[in-house]
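Residue numbering restarts at 1 for every chain, and letters A, B, ... go by the order of the sequence lines.
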Amino acid sequence: MEQGFDSEPIDRSKILNIKPLRSLAPVFPSPPGMSLASNPQASFPFVCVPPTGPFPPGLAPIYPFLVSTDSKSAAQQSSDFGNAIPSPAPLNAFRTPDTANGSTVRAMRGGRSQAEDGFSDDDYSDSMDQSGQFVTGRFKMHTTYTDNATNSGRQKGKTKRQRRNERAESSDFDEEGLVNSFLISFNLLQLDTFKKDTGDKDLVDRILLVYSLLRRRLSQYEDISGSSKRPDLKAGNLLMSKDIRTNKSKKIGHVPGVEVGDIFLFRMELCLVGLHAQSMGGIDYMTVKLSSDNDPVAVSIVSAGGYDDDGNDGDVLIYTGQGGVQRQDGLMFDQKLERGNLALEKSRHRGNEVRVIRGLKDVQGSKGKIYIYDGLYKIEDTWAEKNKSGCNIFKYKLLRLPGQPEAFTLWKSIQQWKDGVTSRVGVILPDLTSGSERLPVSLVNDIDDVKGPDYFTYITTPKYIRAYLLSTPSLSCICRGGCQPGDVSCPCIEKNDGYLPYSSLGVLLSYPALVHECGKTCACPSNCRNRMTQAGLKVRLEVFKTTNRGWGLRSWDPIRSGGFICEYAGEVMDASKVDKFASEFEDDYIFDATRIYQPLEGPQGNRSQSPKVPYPLMIDARREGNVARFMNHSCSPNVYWQPVLRESDNEAYLHIAFFAIKHIPPMQELTFDYGIIPPEKADRRRKQCMCGSSRCRGFFY
DNA sequence: GTCGTTTCACAAAT
DNA sequence: CATTTGTGAAACGA
């Protein structure tokens with residue numbers, strides 16, 4: 001356990017006023033080949049709209065719930081929209097690019113002919129007629145499954161697998177259309193042959209992002225449809241078959257675009273970026289022509305715990321050869337000196353570098369593994385020995401080449417900090433939240449003498465003076481065991497377009513315009529899958545002093561793509577003052593949702609350019625706030641913010657939640673894009689960006 | 001609830 | 001085209 005929080009009282013008098021450097025930027029980075037010039041439609045990628053209107057066509061506020069508490073005209077306006085606009089097109093409802101007979105994701109779901117166009121009031125009236133309450137749907141569910149669920153709310157009568165089989169036949173969800181729309185979004189549709197062979201960081205990032213979005217969306221669909229498709233393999237297969245990959249030709253040594261310390265959550269990811277081409281096998285090798293005969297040479301290995309490798313010493317790895325196990329019946333026999341084993345043997349004599357990927361058990365409870373690229377090793381020794389069953393196995397001793405960045409050893413250090421075996425250097429405060437968060441957040445400075453950021457009060461959620469009022473009462477769910485995917489009677493799932501927005505691991509599965517979480521009046525428990533951002537911090541964070549950007553935020557734990565990080569807490573500013581405030585005051589420590597942000601999904605440049613949140617939400621974290629106030633700007637961010645709505649009766653609370661865009665290794669700074677502000681307001685507040693990314697816009701606000 | 005174990009359905013390279 | 005290589009999630013059992 002961590003130390004108590006009060007062990008080291010902070011000396012306020014010594015605290016300097018360090019503000020995070022908000023960053024910079026604007027020229028939103030267009031992917032190569034998709035420059036604005038090449039796309040006439042996109043010549044004005046951003047439109048500036050005053051939060052209260054007037055709105056140009058296509059930029060109207062689309063959420064009927066936003067009835068302003070102090071502006072009559074706004075109230076009028078939004079309720080009008082509530083009736084006039086039947087269905088805010090959900091960002092995640094991808095329409096297939098016109099080929100696949102126009103079917104959409106939503107249209108593929110069986111049994112919902114009525115509600116295809118959104119959720120007008122009528123959508124629920126059906127169920128209300130039958131029982132006077134909106135619980136009829138649940139009743140239907142019970143009869144359908146003849147389930148004997150008692151208090152858990154889970155359908156215990158049948159296993160998920162059984163339900164799968166029952167519904168298996170229906171439904172191919174339009175994978176092709178989904179893939180294509182992602183490929184268009186991230187400009188991967190035509191990948192030139194050079195790039196397929198030689199990657200770069202940007203390309204690797206884009207491929208992994210598409211893989212991740214695809215995988216998560218497939219699993220979201222699988223959640224309710226039934227079929228068990230191994231979304232990880234399926235997504236990999238879809239990209240592989242389209243040849244969306246890089247570093248395709250095997251090479252010895254580092255792979256362009258992949259850095260030592262990068263992490264991966266699926267074996268398929270290693271294949272896609274060319275780090276390790278075997279989707280299952282632990283040893284990847286190629287044959288090189290050497291004078292007369294062909295010699296196999298090992299290029300990379302994965303040490304994943306399938307064999308008893310010994311990797312306890314950070315720079316040495318004792319690796320076991322492959323084979324020798326009959327997978328079906330567990331029988332063992334001698335390993336043979338062929339394939340991968342032979343390649344490793346040859347590589348020792350050649351003395352070539354071998355990439356090493358270490359697979360660890362995922363610390364955060366999930367059953368999966370995390371793969372860490374630990375850089376280049378050389379094989380120092382090889383031998384054969386007998387295992388417990390008396391069969392011959394091959395062993396290879398690998399030594400890590402010196403001078404490479406810390407990777408696997410960093411993980412070991414962090415584990416020691418957590419276990420209290422060693423202490424993190426430069427810790428000023430073990431927990432700057434004083435215990436108000438579920439996990440401590442360290443304050444660390446191993447750079448200079450500054451003793452901490454300016455004083456502020458730590459709070460964990462935004463402070464609303466007044467909730468937004470809804471024109472019609474929100475339906476609360478009665479899912480006592482937590483909302484379950486595929487439960488057609490759950491109004492909370494309905495609000496999310498029929499899908500639960502989060503996976504069972506707490507990963508955001510898509511990036512819709514708005515996530516609807518369960519609210520105060522929902523009957524589901526606090527651990528409901530649809531209350532992910534209400535459950536507090538999931539990773540061990542630290543606020544640290546950067547060399548040139550004030551304070552920053554990073555995590556001791558790895559964060560998987562889509563994983564929840566934190567929300568933005570502070571004082572929610574009164575709507576009537578926001579516009580004035582935005583133009584007149586310093587905005588350090590203020591989150592401003594009224595800026596223009598690049599959507600993460602969807603074609604970049606030619607899709608709707610509406611701001612993420614059509615309401616002028618600003619959160620002031622100067623006096624009171626949480627860890628999020630320390631997150632710096634980057635033009636190549638690894639974190640994305642997502643509006644999350646929690647409704648109860650006639651009230652709605654909008655929250656800003658941060659999710660990882662990619663897998664984030666431990667100790668890598670967490671950053672998001674601060675967005676851009678209208679040019680007429682911009683000049684004065686422009687600040688120089690220090691994000692150091694290759695796509696840096698040079699400034700931020 | 002939590003742990004380890006078993007089962008199932010898959011993909012790429014050779 | 002058959003073989004070789006485990007993986008990742010859910011179900012199951014203790």
For this session: Please name the residue in the list A:K538, A:Q642, A:E567, A:E517 that meets the side-chain hydrogen bond (donor to acceptor under 3.5 Å, both in side chains) test with A:T533.
Result: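 Checked A:K538, A:Q642, A:E567, A:E517 against A:T533; only one passes side-chain hydrogen bond (donor to acceptor under 3.5 Å, both in side chains): A:E517.
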Exercise. Would you say the ring centroid of A:Y373 lies under 6.0 angstrom from that of A:F264?
Worked result: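 For A:Y373 and A:F264, the ring centres are not under 6.0 Å apart.
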Problem set entry | Non-hydrogen side-chain atoms of A:I301 and A:D284 separated by less than 4.5 Å |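 Not touching, per the 4.5 Å side-chain cut-off.
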For this session: Report yes if some heavy atom in the side chain of A:L203 is under 4.5 Å from a heavy atom in the side chain of A:L188; otherwise report no.
Result: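 The answer is yes, as the side chains (C-beta and beyond) meet within the 4.5 Å cut-off.
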Please give, in whole Å, the distance from [N] [atom2] to [X] [atom1]?
X: A:R215; N: C:dA9; atom1: CZ; atom2: P; result: 7 Å
X: A:Q484; N: C:dA10; atom1: CD; atom2: C1'; result: 14 Å
X: A:F264; N: C:dG8; atom1: CZ; atom2: P; result: 13 Å
X: A:Q322; N: C:dT3; atom1: CD; atom2: P; result: 17 Å
X: A:F266; N: B:dC10; atom1: CZ; atom2: P; result: 17 Å
X: A:R230; N: C:dA10; atom1: CZ; atom2: P; result: 11 Å
X: A:L218; N: B:dC10; atom1: CG; atom2: P; result: 13 Å

Exercise. Pick from A:K250, A:R267, A:R355: which one makes a side chain to side chain contact (heavy atoms under 4.5 Å, CB included) with A:H276?
Worked result: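 For A:H276, the side chain to side chain contact (heavy atoms under 4.5 Å, CB included) test succeeds with only one of A:K250, A:R267, A:R355, which is A:R267.
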Exercise. Does OP1 or OP2 of C:dT7 have a side-chain N or O of A:R267 closer than 4.0 Å?
Worked result: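 So the side chain of A:R267 is within the cut-off, an N or O lying under 4.0 Å from OP1 or OP2 of C:dT7.
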Exercise. Do the rings of A:Y221 and A:Y499 sit parallel, tilted or perpendicular, given the 30° and 60° boundaries?
Worked result: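 A:Y221 vs A:Y499 ring planes: tilted.
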For this session: Go through the side-chain N and O atoms of A:E437 and A:T460 and say whether any donor and acceptor fall under 3.5 Å apart.
Result: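 On atom types as modelled, these side chains do not qualify, holding no pair under 3.5 Å.
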Is there any protein nitrogen or oxygen under 3.5 Å from a nitrogen or oxygen in nucleotides 2-4 of chain B, and what are the pairs?
| residue | atom | partner | partner atom | Å |
| --- | --- | --- | --- | --- |
| B:dG4 | N7 | A:K367 | NZ | 3.4 |

With the criterion being N/O to N/O and under 3.5 Å, what pairs connect the protein with nucleotides 11-14 of chain B, and how long is each?
| residue | atom | partner | partner atom | Å |
| --- | --- | --- | --- | --- |
| B:dA11 | N3 | A:S279 | OG | 3.2 |
| B:dA12 | OP2 | A:N237 | ND2 | 3.4 |
| B:dA12 | O4' | A:S279 | OG | 3.2 |
| B:dA13 | OP1 | A:R245 | NH2 | 3.1 |
| B:dT14 | OP1 | A:K250 | NZ | 2.7 |

Exercise. Is a salt bridge present between A:K346 and A:D295, judged by a nitrogen-to-oxygen distance below 4.0 Å?
Worked result: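 Yes, charged N to carboxylate O under 4.0 Å.
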Exercise. Of A:Y371 and A:K336, whose nearest nucleotide on DNA chain C comes first from the 5' end?
Worked result: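 This one resolves to A:K336.
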Exercise. On the ring face of A:Y502, is A:R529 found with NZ or CZ under 6.0 Å from the centre and within 45° of the axis?
Worked result: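 No; the conditions do not both hold, so A:R529 does not lie above the ring face of A:Y502.
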